[in-house]
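First the proteins, then the strands, lettered A, B, ... as listed; each starts at 1. Hydrogens, waters and symmetry mates are skipped; everything else that's a heavy atom, side chains included, is used.
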Protein chains: 4
Amino acid sequence: MDERNSALASRLIDEAYVRQGRQSLAQRSRLLRELLACRTVPARGWDEMDVERLLLELSAMDSNNFIGSLGLGEREGRVACPLVRRRHFGLAHGIGRSGDVAAVQPKAAGSSLLVKLANALVLDAVRGCGVRRAASALVLPVATGMAVTMAILTLRAARPAARYVVWPRIDQKACFKAILTAGLEPLSTDKNFAVPVGGSIVFSTSPEAVRSVAQMYPGRASASPVVDIFATLLYQGAAGLAAARAQRKAVHAHLLRALTAWAERHGEAVISAPRNPISIAVTLGAICGGGAAEGAEGATKRATLFGSVLFARGVSGCRVVAPGATKSIGPVRFLGWGAQCDDFPCPYFTAAAAVGLREEDVDAFVSKLDVAVRDYQRLVRRERAQPAASERPAAEEAAVAAGGAAQAVAAALVTEGSS
Amino acid sequence: MDERNSALASRLIDEAYVRQGRQSLAQRSRLLRELLACRTVPARGWDEMDVERLLLELSAMDSNNFIGSLGLGEREGRVACPLVRRRHFGLAHGIGRSGDVAAVQPKAAGSSLLVKLANALVLDAVRGCGVRRAASALVLPVATGMAVTMAILTLRAARPAARYVVWPRIDQKACFKAILTAGLEPLSTDKNFAVPVGGSIVFSTSPEAVRSVAQMYPGRASASPVVDIFATLLYQGAAGLAAARAQRKAVHAHLLRALTAWAERHGEAVISAPRNPISIAVTLGAICGGGAAEGAEGATKRATLFGSVLFARGVSGCRVVAPGATKSIGPVRFLGWGAQCDDFPCPYFTAAAAVGLREEDVDAFVSKLDVAVRDYQRLVRRERAQPAASERPAAEEAAVAAGGAAQAVAAALVTEGSS
Amino acid sequence: MDERNSALASRLIDEAYVRQGRQSLAQRSRLLRELLACRTVPARGWDEMDVERLLLELSAMDSNNFIGSLGLGEREGRVACPLVRRRHFGLAHGIGRSGDVAAVQPKAAGSSLLVKLANALVLDAVRGCGVRRAASALVLPVATGMAVTMAILTLRAARPAARYVVWPRIDQKACFKAILTAGLEPLSTDKNFAVPVGGSIVFSTSPEAVRSVAQMYPGRASASPVVDIFATLLYQGAAGLAAARAQRKAVHAHLLRALTAWAERHGEAVISAPRNPISIAVTLGAICGGGAAEGAEGATKRATLFGSVLFARGVSGCRVVAPGATKSIGPVRFLGWGAQCDDFPCPYFTAAAAVGLREEDVDAFVSKLDVAVRDYQRLVRRERAQPAASERPAAEEAAVAAGGAAQAVAAALVTEGSS
Amino acid sequence: MDERNSALASRLIDEAYVRQGRQSLAQRSRLLRELLACRTVPARGWDEMDVERLLLELSAMDSNNFIGSLGLGEREGRVACPLVRRRHFGLAHGIGRSGDVAAVQPKAAGSSLLVKLANALVLDAVRGCGVRRAASALVLPVATGMAVTMAILTLRAARPAARYVVWPRIDQKACFKAILTAGLEPLSTDKNFAVPVGGSIVFSTSPEAVRSVAQMYPGRASASPVVDIFATLLYQGAAGLAAARAQRKAVHAHLLRALTAWAERHGEAVISAPRNPISIAVTLGAICGGGAAEGAEGATKRATLFGSVLFARGVSGCRVVAPGATKSIGPVRFLGWGAQCDDFPCPYFTAAAAVGLREEDVDAFVSKLDVAVRDYQRLVRRERAQPAASERPAAEEAAVAAGGAAQAVAAALVTEGSS
């Protein structure tokens, strides 16, 4: 609705109303101006439809959406299925080009602008999370594992003679440290910004280091994870991000209180880990410890059973760690796999106060933990009284045969009429 | 992406690419300019995303979408469910205002512009269909029946002393004639422009007549049928509309040829109605005529059975008209209800070559007609051999009890293993 | 994902996972079961995607979406523009049929079911709002004005000899009373359930009365307002509706406190109207009263100016009522139009605490009221000092010429650099 | 709408209609059954809404969409922005897991099923394209470049001692050959199936080779490219894919004829390359050859100018290759970069008949070629007459300064009023 169009519109409806409508459009233009000028997450989140308007505007700037253009190359951004085209807002050219995933694409001005803005916004968000010294950030359209690979490949290119990666084995965080030594830190976008899996953020105090990763990525890539993070940051705004962080902290405190109280009631204890602001671990020694006759193997089995009971009750993501679990990857054998150390003396479970968890979820979780203890104890008693598989009800038997411990538990609970 | 924003964007990506992208946005601006200046269906249909862009732009011009505005009235266009808001593109104020459904709404510049443009485009489309003398058109957000009511109420207001409506009983078209006498013609939007049921077009050679109808409509109304017809006309374009009309004519000719051939094979005939360019009627005298013993009632029953067989074979909209059907509406009793006259001597069916029907549909239809004759004849034979309901298979019986003749037929066919 | 499909899926991924997925689908099936069995607004609102799933499932039950069906009639629910088809979820047959807008459509089982459920849910919601004796409800696909027309037409049909409608002239509510006498009450859907304009709810303690209105509506109608209210009620759930009502009450109390304080500060008063739970009126006698020389006309002019200042500050819906306004509709002349009585002695404004208004909006509104008083006083002083239009700045002049008082005010404020 | 729900629905509308609606839902169930049983591209493409229904059904099988489940882990598939959630149909868990991008995810039964089906459909589509011996296929959520990297990394893992990649330098196709030696062939999804950039297909006659690539991909990945290809294959169906291929061949033949005729008219020739079924090269020796004085450098400059003229006329993807272009990547210097050999004697351009190009596009392209020759010749004449930059019009100068040759050309054309 530029000036000429407004004049024409004024022949159809009162000029005063047209002017009013244009003011509203000018507000949108101003939102975009601020975004382009400041390149920071907007203080206040955008309305969903304004996010969509911008994506459609950027999309119109890509050559595959030019009216009347003739594409005679092999890659012209044509999209066969309208549902697919629509869900990508007509953005079809992807990001980057051969040799640099952060490079501008001549055929795709809109997509290129989107990438630049997304990287700038992500840098601002990373700084807003407390990493003030971050100087450059890059949304890589690959999830964490591949991002770590990219970072290590970058390091290898810089130091062709290097042969070892020092791997401090303290949780998943550990693998990040490997890269931090090179001044790079990849963050998963899904866990941290609540977008679908598929993107990572690589940031560093050194712009060169980030640029090297971008150039290590061979060729074009999906714009999808970039669109997701871009839309999410615009939609949430700085206020929304801060609120999500504050809420996460409050929920973590609530979870810690609630689990401490639960542990006391059941003769268990929260394992102290003051430096971990997300996950909380609680022992299961009293509940799953078992008699001496069964030993470590029995405890492991019972811890697994307890986990299955929780899962059958609709709790996901609550990891039960049994002592003595081992895993081999390639030539290396890990003891106490999944735990932070080789020899923690008893089983425990962890629960995470991730972004998006609410206080009411915590309360529901603790209630389910109580129910799970009762379920678990009934199952253990029953198991002891009735050791032979042949005596189990058919439904439970079928579930066991299907291989799912959780399903076996669920079937057992159903059998007992307690589900 | 106005000039200032472009300058800012040029700091992020090459100015040359920004300029290229702006040219594409300027193309969209030009599309809108043509629309506002010419107020005719665009020669070439718009891309779906361009239609959506325009709807979102118009929506941003409505006061409920102003950023930072404060709505202290009772009607501020708030929408509770995001799915609902989205499917209306944020257009929530409806159309019209108390006293005139075509009036501009001060709070809704975008919606008002949309209404004006939609009415202009519809006038152009009506003219394009051959009604060159139409001088004014109005999309009424009510379907045909209610539109006729509106038109008659308008007439009543103009002639308060009038007491009778002359109703030339020749098909549905008849009811239009009632209004034509007043210089108004309502067209159903769904049948003629392939949009969901809900709108009508009232047009006339007299702008005053149309204005009177608009003013007869008391207050605001749903914008939904207007959005539908507006989006459809932009999307199809004049070329698309012309192609749809041409294709409909070609399919009508194909249907006439195919039904004539089918009728010859079965000893039936196409009923000549050269002035009806849409529907074709074919006699069912030989197929459903029955013996003298059964009389008219038997023929009616059998014609209904034939219709049910067709329906069970997945044919809808093919109306079987039995002689002697009667219907009472209020104090009036109609003989030969559904037929064009009271005393057509034998049953017949009609099939319409409506907009959207394809030649391959016609071919499939004629094949199904053949199958239906066989199905029908087997059922009649069976009926004669086995008159008592008590001997019917249970599935068929249940279907009859459920009240659906078609279902009874379907069940019977299934029973015979022939479906 | 029925049993056979699950078995096939188990060849691709573990049976245990398939079973888990099916449990989730069974949850959706249960949601629908509850809806069909209870026909009440669900206690807890549905997820948006579940609402959409149900709409797509209902749509698949309409004949226009049958795979392989052949439509040979004139009205087969074909939709030309995919954007239009999508926004209606493929529901194209509208609701009702000739003679009854609440009737089931044989060609559209899904749409028919949707209508029945929507009417049941709306009845439940109306009861939940306190109208416990409501026995039947109907969503009419027309906005309030037309719904009142329908109700009055229904009354006329019942009492053909009646010639007068007693019209208690106390606000818009008044017009409802006309219908209440017949045991019918139409409620606007947009104001009360925050959906786009286009639907009304007619309810009564007498199912027959509602049925009569349904049968008065001639023929089919748009399903769009029904889809909107249906989706909204499912999405909000009873808890959401109750929360919206509670929040509205709280905001009303907050608005009353804030306006009382504001009135005291400015020598004005809140006009007591304890039976109006939505709108609040505040006198403007001290602010707009003016000198004796100007009389009532001056006060009216100044009240209009004050309203324009508010509008220019982005406040909409805040109605300023000037004494002495008159309006003629047909042969009748109303004194004090817009006011509740003919002779309220001074101008006043009203503000409504409608569903969706937030406490922060109220605070922002009161701040803007303060600013508006200052703006207004400056403009009045300026007006007095500079009576001749010829001396006004060009921008203001142009705005006045364009006919918009609000725009003139806006231009004046801009001229003074105070906007 | 299972049996119990149907029974409940029958209390609201006729059982016969419910049954009819259920038949339609059963058709959808059958579509899915065929898909799960045959795992091939459906013979006839699905309706867009059926594709969406299936995606929503699969999404409901992922744990993040379970009703009432409690996610206590760090990765629970929460999505902050509704627009993002919607465009992914609620699919948030990505695909694969640590150690295998093709592995089933316990938390995401729906996504896992989608991946398995997508890979099966893609294998079927690859076979349908003529690669009958393909035994396994995998959609990698990375574009071609990264897919080649993955393949080479896989090879390196298999042969740790290998140090060289033999690189047959014949076009892009060349790089594939490097991988073919290992029995793998990656195809770009965007070029071949008209989806947005972001995915590749790796297929082989050896399932083990494909499995190795899947296991080389470290961890989870975006499901987005998989969703795109899955939706596209369902939507197009085998018939749609075959039609696209046939149409591409026909358009290629048309392009060859049209370019041959154009070349004859201008004293140029099509460069024979019978084994390239997509791109066609045409010499530009006569048009851009230039006088002896200017030599190769002049020809290169003029070929670039000709390319810019084409681009300014809205032709994209038509590559002009100038003799003598060189490029260095790392330590290697390529002569005749972009050409198939080092020493082709004159400039030429290429045009590709890619999937989606239409005959009318070809005709428009050839018209633009004619116009471009005239534009180009005028510019060359002008250049010769007016060698000093200082004499150029300002607009053209600005464009040159902005760095874009195409823009300079566009500005020049505008200056001359010929655009």
Side-chain angles (χ1 to χ4, degrees), chain A residues 1-2 4-5 7-9 11-14 16-33 35-37 39 47-50 52-53 56-63 65-69 82 85-86 89-90 104-110 112-113 115-117 120, chain B residues 1-2 4-5 7-9 11-14 16-33 35-37 39 47-50 52-53 56-63 65-69 82 85-86 89-90 104-110 112-113 115-117 120:
Chain A
M1 195 54 66
D2 57 24
R4 289 169 68 181
N5 285 345
L8 288 166
R11 296 187 199 164
L12 290 165
I13 63 171
D14 278 4
Y17 303 140
V18 173
R19 204 179 314 137
Q20 202 183 26
R22 277 194 72 190
Q23 278 169 14
S24 173
L25 292 172
Q27 287 178 320
R28 265 79 192 186
S29 203
R30 224 162 13 239
L31 283 184
L32 179 56
R33 185 150 67 249
L35 190 68
L36 288 165
R39 300 169 205 171
D47 181 277
E48 242 196 297
M49 281 195 186
D50 287 327
E52 192 163 352
R53 266 185 205 99
L56 287 175
E57 183 157 353
L58 291 174
S59 155
M61 296 175 73
D62 279 6
S63 65
N65 298 316
F66 290 1
I67 295 170
S69 80
R85 184 170 173 234
R86 206 162 54 241
F89 310 97
V104 166
Q105 284 193 51
K107 275 188 186 174
S112 300
L113 205 49
V115 169
K116 295 283 181 185
L117 286 171
Chain B
M1 194 57 64
D2 58 24
R4 287 170 68 181
N5 285 345
L8 289 166
R11 297 188 198 164
L12 290 166
I13 62 170
D14 277 5
Y17 303 140
V18 173
R19 204 180 313 139
Q20 201 184 25
R22 278 194 72 190
Q23 279 171 13
S24 173
L25 292 171
Q27 287 178 320
R28 266 80 192 186
S29 204
R30 232 173 355 250
L31 283 185
L32 179 55
R33 184 149 69 247
L35 190 68
L36 289 164
R39 301 169 204 172
D47 181 278
E48 244 195 297
M49 281 195 185
D50 287 326
E52 192 162 353
R53 265 184 206 100
L56 288 175
E57 182 157 354
L58 291 173
S59 156
M61 294 175 75
D62 279 7
S63 66
N65 297 316
F66 290 0
I67 295 170
S69 78
R85 185 171 172 232
R86 205 162 54 240
F89 309 97
V104 165
Q105 285 192 52
K107 275 187 185 174
S112 301
L113 205 48
V115 169
K116 296 283 182 185
L117 286 172

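- Here A/Pro106 is the residue among A/Pro106, A/Ala9, A/Gly90 with the most heavy-atom pairs under 4.5 Å with chain B.
- For the atom pair CG (B/Asp2) and OG (A/Ser29), the distance works out to 3.5 Å, reported to the nearest 0.5 Å.
- Residues satisfying the salt bridge (Lys or Arg N to Asp or Glu O under 4.0 Å) criterion with A/Arg22, sequence neighbours excluded, are absent altogether.
- At a 4.5 Å heavy-atom cutoff, the contact between A/Leu31 and chain B is made by side-chain atoms alone.
- With chain B as partner, the option from A/Arg30, A/Arg4, A/Glu48 having the largest number of non-hydrogen pairs under 4.5 angstrom is A/Arg4.
- Residue B/Arg39 holds its CZ atom at 4.0 Å from CG of A/Leu12, rounded to the nearest 0.5 Å.
- The minimum heavy-atom distance linking B/Phe89 with A/Met49 is given by the pair C-CE, 3.6 Å.
- One distance of note links CG of A/Leu32 with CG of B/Leu8; it measures 8.5 Å at 0.5 Å rounding.
- Residues passing the side-chain hydrogen bond (donor to acceptor under 3.5 Å, both in side chains) test with A/Ser69: none are found, sequence neighbours excluded.
- Listed options B/Ala7, B/Gly110, B/Ala37, B/Pro82 were ranked by heavy-atom pairs under 4.5 angstrom with chain A; first place goes to B/Ala37.
- One N or O on the side chain of A/Glu57 and one on the backbone of B/Met1 form a donor-acceptor pair closer than 3.5 Å.
- Interface residue A/Asn65: backbone and side-chain heavy atoms are both found under 4.5 Å from chain B.
- Side-chain contact between B/Arg11 and A/Leu36 is absent, with no heavy-atom pair separated by less than 4.5 Å.
- The CD atom of A/Gln23 sits 10.5 Å away from the CE atom of B/Met61 when rounded to the nearest 0.5 Å.
- Atom NZ of B/Lys116 is separated from atom CD1 of A/Ile13 by 9.0 Å, given to the nearest 0.5 angstrom.
- The two atoms that bring B/Tyr17 and A/Ala109 nearest to each other are O-CB, 3.3 Å, heavy atoms only.
- Residue with the most contacts toward chain A among B/Asp47, B/Val104, B/Ile67: B/Ile67 (heavy-atom pairs, distance under 4.5 Å).
- Put simply, CG on B/Leu56 and CD on A/Glu52 are 6.0 Å apart, with the number rounded to the nearest 0.5 Å.
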